[in-house]
Amino acid sequence: MSPACKIVWAQDVAATKVVCDAILGGLPDWFGPYDIYKDYLDYLETRPSFVAQIEAGEVGILTLSQTSAAAVDIHLMAVTPDQHGKGIGQALVDQAVLFAREKGAKFLTVKTLGPSHPHKGYARTRRFYERQGFAPIEEFIDFWGEGYPMQLYCRNVV
């Protein structure tokens, strides 16, 4: 991780929406146009979120959901393209692990586009999560609709 990276709790929802919109808007190959990702902005109002900051500004966003007493889910995680491979994503996952432990959860989960879809960017995303200790649990072919398989990953946090 970059020594100048700081992960902060995003308590100002309006400001966090601006940051989130800028980050997701810069990742069209992952999140598509605004009408595809706009729901993520609304979720910031009801889910704990964190922002990754470096000297140049905000470069990452993380939104979590406690899906059960046993699990916390990474609902959204995104890092600006210029910061890929620089430890920002790992710092965000580390924050998610801390949050899950604080909530008494045993597992951290994440859903991403499954391997039966040929998207090269999401192949990188899956490799990233596997390097972070997540195990692929199951690919659901029709979870997000036809043509958009979902890969469920899980990681033990205890």
To the nearest 0.5 Å, what is the distance between [atom1] on [X] and [atom2] on [Y]?
{"X": "Asp94", "Y": "Phe50", "atom1": "CG", "atom2": "CZ", "result": "12.5 Å"}
{"X": "Leu108", "Y": "Lys103", "atom1": "CG", "atom2": "NZ", "result": "14.0 Å"}
{"X": "Trp144", "Y": "Met150", "atom1": "CH2", "atom2": "CE", "result": "6.0 Å"}
{"X": "Ile74", "Y": "Leu62", "atom1": "CD1", "atom2": "CG", "result": "6.0 Å"}
{"X": "Tyr37", "Y": "Asp35", "atom1": "OH", "atom2": "CG", "result": "9.5 Å"}
{"X": "Thr16", "Y": "Ile61", "atom1": "OG1", "atom2": "CD1", "result": "6.0 Å"}

May I have the step-by-step check of side-chain contact (heavy atoms from CB on, under 4.5 Å) for Arg131 and Gln90, ending in yes or no? CA-CA 9 Å; Arg131 284 193 311 271; Gln90 180 177 345; over 6 Å; no

Transitive ILVMFWY side-chain link [X] to [Y], under 4.5 Å:
{"X": "Leu44", "Y": "Ile36", "answer": "no"}
{"X": "Ile137", "Y": "Phe107", "answer": "no"}
{"X": "Phe99", "Y": "Val110", "answer": "yes"}
{"X": "Leu64", "Y": "Ile7", "answer": "yes"}
{"X": "Ile23", "Y": "Phe128", "answer": "no"}

Do you know the tightest heavy-atom contact between [X] and [Y]?
{"X": "Thr80", "Y": "Glu58", "answer": "CG2-O, 4.4 Å"}
{"X": "Ile88", "Y": "Cys5", "answer": "CD1-SG, 3.6 Å"}
{"X": "Tyr43", "Y": "His75", "answer": "CD1-NE2, 2.9 Å"}
{"X": "Cys20", "Y": "Leu76", "answer": "SG-CD2, 3.8 Å"}
{"X": "Trp9", "Y": "Pro48", "answer": "CH2-CB, 3.8 Å"}
{"X": "Asp42", "Y": "Lys17", "answer": "OD1-NZ, 4.0 Å"}

Any non-hydrogen side-chain atom of [X] less than 4.5 Å from a side-chain atom of [Y]?
{"X": "Ile54", "Y": "Lys86", "answer": "no"}
{"X": "Leu152", "Y": "Thr109", "answer": "yes"}
{"X": "Gln53", "Y": "Val51", "answer": "yes"}

If only atom types and distance count, is the side chain of [X] paired as donor or acceptor with the main-chain N or O of [Y] below 3.5 Å?
{"X": "Arg126", "Y": "Leu113", "value": "yes"}
{"X": "Ser65", "Y": "Thr67", "value": "no"}
{"X": "Asp12", "Y": "Ala15", "value": "yes"}
{"X": "Ser49", "Y": "Arg47", "value": "yes"}
{"X": "Gln151", "Y": "Glu138", "value": "yes"}
{"X": "Gln66", "Y": "Ser68", "value": "yes"}

Check whether the side chains of Asp21 and Tyr40 place a donor and an acceptor atom closer than 3.5 Å, and report yes or no.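 No - no donor-acceptor pair under 3.5 Å links their side chains.
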
For the residue pair Phe143 and Phe140, does the interplanar ring angle fall in the parallel (under 30°), tilted (30 to 60°) or perpendicular (over 60°) class?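 Judged by the thresholds at 30° and 60°, the geometry between Phe143 and Phe140 is tilted.
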
Mutual orientation of the aromatic rings belonging to Tyr129 and Tyr153 [parallel < 30°, tilted 30-60°, perpendicular > 60°]: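 Rings of Tyr129 and Tyr153: tilted, as their planes differ by 30° to 60°.
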
Checking His84 against Val79 for the side-chain contact (heavy atoms from CB on, under 4.5 Å) test, could you report, in this order, the C-alpha distance in whole Å, the side-chain angles of both residues, the deciding distance, and whether it holds? CA-CA 7 Å; His84 286 186; Val79 174; 4.0 Å; yes

Between Val93 and Arg155, does a side-chain contact (heavy atoms from CB on, under 4.5 Å) hold up when you go through it step by step? CA-CA 11 Å; Val93 169; Arg155 173 183 167 170; 3.5 Å; yes

With Tyr148, which residues qualify under ring-ring contact (aromatic ring centres under 6.0 Å, His included), at least two apart?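 None.
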
Which pairs with one or both residues in residues 110-122 pass side chain to side chain donor-acceptor pair (under 3.5 Å), sequence neighbours excluded?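 Matches after skipping sequence neighbours: Asp73-Lys111, Ser116-Glu139.
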
